[in-house]
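The structure appears right after this line, and notes come after that.
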Amino acid sequence: MSWRSLPAVVGSDGGWDAMEQAVLARWREDQVFAKSLELRKDGEPFVFYEGPPTANGRPGSHHVLSRVFKDIFPRFQTMQGRFVERRAGWDCHGLPVEIEVEKQLGISGKPEIEAFGIAEFNARCRESVSGYLDEWERLTERIGFWVDMSTAYRTMDATYVESVWWSLAALWDKGLIYEADKVVPYCPRCGTALSSHEVAQGYKDVDDPSIFVRFPLTDDPTLSLLVWTTTPWTLPSNQAAAIHPNVTYAEVDNGGDRLILAKALVDKVFGEGTPVVREIAASDLVGRTYDPPFPFVPGAHRIVSADFVTTEDGTGIVHIAPAFGEDDMAVGRANDLPLTNPVDKQGLFTEQITGFAGRFVKDADRDLIADLNSRGRLFRELTYTHTYPHCWRCATPLLYYAKPSWYIRTTDVRERMMELNQTVGWHPSRVRDGRFGRWLEDNVDWAISRERYWGTPLPLWRCDECSQITAVGGFDDLRAKAVNPPGEDFDPHRPYVDDVVVRCACGGEAHRVPEVIDVWYDSGAMPFAQQHYPFSGEQALEGKFPADYICEAQDQTRGWFYSLHAEATMLFDSVAYRNVVCLGHILDTDGQKMSKTKGNVIEPWTVLDKYGADPFRWYLLTAQQAGESFRFSLDAIEEAMRRFLLTVWNTYSFLVTYASLPDGWSPEMGAPEVADRPAIDQWALARLDETVDEVTAQLADYDAATAGRAIANFVDELSNWYVRTCRRRFWRSDDRADQQAAFATLHECLATTAKLLAPFCPFLADEMYVNLVAAHDSAAPSSVHLVDWPTSGGRADPQLVHAMDEVRRAVSLGRSARKEAKIRVRQPLAEAVVACAPADAAAMDAHTGLIADELNVKSVRFVTDPADLLHVTIKPNYRTLGPRFGKSMPDVATAFGALDGPTVVNALDGGDSVSITVAGESHAIGGDDVLREVHPSEGYVVANDGPVAVGLATELNDDLRLEGLAREVIHAVQAARKAAGLRVEEHILLHLDGSGAIREAVHAHGAHIQSETLSDEISIGHGAPFAGIHREEHVLDGEPLAVRLDRVATAG
RNA sequence: GGGCGAUUAGCUCAGGUGGUUAGAGCGCAUCCCUGAUAAGGAUGAGGUCCGUGGUUCGAGUCCACGAUCGCCCA
């Protein structure tokens, strides 16, 4: 049982990476992840769901972000004793996969896919999704994301598809699935509808006609509605004119031309100051009919009311063609308008449109406008520049076009979804009622069908005879209902499933509807589909549903977060997850989204190879509140590494270095009881306990950033206060008990920090733990990831912590004063005077030695009487007085102005009461109501910070001068030692050649110089007794000093 | 066009329930230490808290409007 030597991680390229690789190898060899699960298998389950990524592309830095957050809380909960199964998953279906395969095959569009053959095409899709699996697995392991990939669920597996079928059949039985027309963006050239994802890729700026058209009223043909549209080709299909119920309309006489439009738009359309003949309420218009712009299509041609109408553009009267717009369709449904569509699948007008039949609609715009004009219907024609979606494949302008689709009636459970959402712990919390809550409020039925190939087939069979739908809820169900039942190794994908014919209740034969389902439904089904529920048994979800925790980026609000929530609500009347962390996006240094086209993407392996996984993880977990976006750069990682990870490492390295020395220490040697250790040790342990409590609370609340900052603060104080001020106790101590106390204290702080750090930086934490704990205790678990989460030892001590804060402030002020006086720290001074309130003086009194050491002064004196060497002024404490006096605060401030600072402070410190007069009444004020400020007075160099000031006696006597000089000598010798290339523990022979004050100083402090420089012999004078291995010259306080040293031959 | 969020030092970010001196790191300047040493530390300079109104005795913090950036949706 002994200390292992440390790998070099500082200053060596790839050092950190090598350290992590060694840890990784050990995890692999010892099966540590599997052991961590085995260890907790009887613990209360903590359910985690992995949102399945699509594995048909390389993982990027944003995937590292979500995977790191998916890792930290399960690790934390595991250490807390919970059993956290972590099963990976892969999203296999969908358009992105199909597009990838189309590219590979060099084909494009549905006709070409069908010509190629669906069976072969889908086989290629199946292969394609596993193409990047190796890379995903390699990255996942390297970043330390513990998830079981060997048992990963795949949405394309037959068992998975079967569970999805079960759920869809269940929804069908509840009457929640229906078929209806839906307006979709449609490419007439490719003959296919496009997903929103595809539409988003194809926006372009285009010029379209913008026309104002007269719709004469039936009951008054000399009066016309003025209607504005940018799609003239939809005017033949006009069914209605929509107006807003709360907008006031107006009649305008434009040179005998009587027109109606929104009153607010009169000036915009006709010019400033155009007179309004009369105002017309919307209610006076609704229901009236008009003469349609074209005679081809029969219909209502009626004025209807609709909320979406605005007075931003146009005339406030909107042309409605229900087949060609989502709003139009909704208005059509609400008003029972006929759905007429005189445009075929190639985007050509049908025979119904006399004179235009067979023409591509967009190309007919010009002639349609001319036709309107010839009949006196055109009021005005302009050109309108706007962004309009085009097919990303062939650049054809998309048409919005009504097509039949399958829907899930999620609006039936909207209220319930909103109720259940209230019980979900969202992080950040605003998402609950913000982005997600709003989404639920605006919920519309879920369009789940896709006219594609590679997806879960919609398990609905339509009878050729009676058109009745038969829903199939599983493979056995299908075999029971089929005319030609499939065999055991049935692939439920297209085209095979399409060949299965089902016997309808009417006796007719039913064929499957052609659609597959939205991939989001697949992923939302993972809670039960990954278990093959219910085919694997009704109990299959026990302890596995709902999830305690999931995590994804915020773009999943309408994706996975929604599909999980909707399906769980409809199928189980339950939430799917109790807690969800919703992450922000990764941006580049300029705040721009990373994208391949901008060339600003940082590949994860770049970071991992250069810095390692822990620095990457630490940065992602703590640099920003989860939910906010990151400004990401390699420099930012480097800063995180240097500022935190290397500080931890140096502190750890310090302990191991000195503990390993012959007169060092190891945990089995023990140490004095905490109560018998110095105050500084008790302070460190008090801070440790505070930190443990804080980190535990924050991680339990899914706040990694705040928890991480608490660790970082502690580590900073441990390194820059505890270790720095205690350094000598470790390596040269005459007091063995004190040395052991120091080692034991630092050891406990670091061992516990390793445990706190385990969920954040699992590599560093394990490296530290193994060396600090496991290497000394054969009974201890072999990895930090197998230990219990630390608990605080009840040693929190707010008073001690406060006192130390005051000490540090006093030291800081003292250094500031030294700088002011231009006196270096090596020069000892006689006295530091700390001026403050009696309570603070009492707190600091136990630590005067520390202050003296840090400031290099002989003594520390407290001054609490303000009359002594400092002037004291007072101010009202608004925080305590504000609530008491409210509006009278200005009077209070005035009353304070009349008080004499020193008098008040003396009275309060002496226990007397002080009162002020406000609005004629006397009020007693206490110590807390007064803020004191001290100001420097003569004679001392003083630095002050509010209620505390530190003064230094700058006058030097001979003793102080000589001592300062002796330290200069030591400094010179140490520089020489280093220049000579000596090891720190090597002893030397030392000869100094100097005169005057230097010689005096060496005589006075020779023993000290000797011990500090490890000089077995010291001599001073001209002419050295030995040649030595090194000689150098210095000038101290204007006097020359030559240093000569020689190595002491060590026996053996 | 709608929703959500952000805007604090040159840069990256902290700043419960409003309280009068707005903090940290990096960078910069000056310096210290030289037994944590291919490291470490200190002291400084640096801010109209995006803007304009409002509520309040008091606003970085609450409200309204606007600007810019990001995300989602249309």
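Hydrogens, waters and symmetry mates are skipped; everything else that's a heavy atom, side chains included, is used. All of these numbers come straight from a predicted model, not from anything done at the bench.
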Give a yes-or-no answer on whether the side chains of A:Asp928 and A:Thr880 include a donor-acceptor pair shorter than 3.5 Å. no
A:Tyr400-A:Asp328 side chain donor-acceptor pair, cut-off 3.5 Å: no
Need one value for [X]: base, sugar-phosphate or nothing, where a base atom within 4.0 Å counts as base even if backbone is also close, heavy atoms only.
X         : result
A:Ser888  : nothing
A:Arg977  : nothing
A:Arg826  : sugar-phosphate
A:Val723  : base
A:Ser816  : sugar-phosphate
A:Leu1014 : base

Out of B:G5, B:G25, B:A39, whichever nucleotide has its closest atom nearest the side chain of A:Arg430: B:G5
From the list B:G41, B:A14, B:U34, which nucleotide is the closest neighbour of the side chain of A:Gln974? B:U34
Can a donor-acceptor pair under 3.5 Å be found between the side-chain atoms of [X] and the base atoms of [N]?
X        : N     : answer
A:Arg435 : B:C71 : yes
A:Ser719 : B:A36 : yes
A:Lys887 : B:U56 : no

Between P on B:A24 and CD1 on A:Ile711, what's the gap in Å once rounded to a whole number? 22 Å
Does a side-chain N or O of A:Arg824 approach OP1 or OP2 of B:C32 to a distance below 4.0 Å, or not? yes
Indicate whether OP1 or OP2 belonging to B:A39 is found under 4.0 Å from a side-chain N or O atom of A:Asn650. no
Would you please indicate if the ring centroids of A:Tyr186 and A:Tyr401 are separated by under 6.0 Å? yes
Could you check whether A:Tyr619 and A:Phe632 have their ring centres less than 6.0 Å apart? yes
